[in-house]
Amino acid sequence: VSTQSTGINFSLANFAIQKLLSPTSFFPSGVHLSYFFNYRALNINSYTGLIAFIAFGLSYITMSVVITAVVQRSKKCLDFCVTLFIGHLLSSVVFSRFPTSLTWWMFHIANIAVLTVLSEYLCSLQELKEINLSSPAPPNHCLLY
């Protein structure tokens with residue numbers, strides 16, 4: 001009985017993992033990671049285009065936390081954000097071709113601005129934390145006098 005229940009649990013876990021990893025479980029059919037590099041995917045007129053807009057917006061917001069952790073200086077945030085955008089632009093050119101959509105450019109420039117301001121703000125909060133100069137007292141269990 002225990003081997004049957006283990007087999008059933010394994011098959012249920014396998015089914016759940018396949019459903020969670022399947023892009024069709026959350027998104028309409030045909031939405032996949034290539035939408036991040038295809039400039040034609042960003043259009044307001046379709047449901048999948050709106051999903052791509054939301055995914056890009058959320059990725060830029062989460063990237064501000066990553067940039068804050070990596071850069072740790074507010075003066076360097078603009079350089080890293082622009083470098084991130086240039087890397088994405090080059091990936092898009094390699095994947096499809098040079099983006100000619102005005103919507104794509106406006107959306108990414110606005111998101112780069114939000115990413116830069118948010119990451120600079122988070123870095124400045126981190127820089128303004130008080131530095132504790134007093135170290136805790138060493139333990140008083142030294143055997144040498």
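Quick caveat, the model's predicted, so the values are computed rather than measured.
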Problem set entry | Spatial distance of atom CD1 (Ile112) from atom CZ (Phe107) [nearest 0.5 Å] | 10.5 Å
Seminar exercise, completed: Rounding to 0.5 Å, atoms CH2 (Trp105) and OG1 (Thr100) come to a distance of 10.0 Å
Seminar exercise, completed: When every non-hydrogen atom of Ile67 is compared with those of Cys77, the smallest separation belongs to CG2-SG, 4.3 Å
For this session: Please report the shortest heavy-atom distance between Val71 and Lys76, naming the atom on each side.
Result: CG1-CB, 3.4 Å
Exercise. Does one hydrophobic cluster hold both Val66 and Tyr60, with members joined at side-chain heavy-atom distances below 4.5 Å?
Worked result: yes
For this session: Any chance you could measure Ile86, atom CD1, to Cys81, atom SG, to the nearest 0.5 Å?
Result: 11.5 Å
Exercise. How long is the gap from CZ on Phe95 to CG on Leu90, to the nearest 0.5 Å?
Worked result: 15.0 Å
Exercise. What about Val65 and Leu125, same hydrophobic cluster or not, with Ile/Leu/Val/Met/Phe/Trp/Tyr joined at side-chain heavy-atom distances under 4.5 Å?
Worked result: yes
For this session: Not counting sequence neighbours, which residues clear side chain to side chain contact (heavy atoms under 4.5 Å, CB included) with Glu127? List them please.
Result: Arg73, Ser74
For this session: Quick one: pull up CZ in Phe80 and OG1 in Thr68 and give me the separation to the nearest 0.5 Å.
Result: 11.5 Å
Problem set entry | Validation row: Val93, Pro99 side chains within 4.5 angstrom (heavy atoms) | yes
For this session: Would you check if the distance from the ring center of His88 to the ring center of Phe56 is below 6.0 Å?
Result: yes
For this session: To the nearest 0.5 angstrom, please state how far the CG atom of Leu84 sits from the CG atom of Leu89.
Result: 11.5 Å
For this session: Consider only side-chain heavy atoms of I, L, V, M, F, W and Y, link residues closer than 4.5 Å, and tell whether Val70 and Leu115 are in one cluster.
Result: yes
For this session: Quick one: sort the Phe85 and His108 rings into parallel, tilted or perpendicular, breaks at 30° and 60°.
Result: tilted
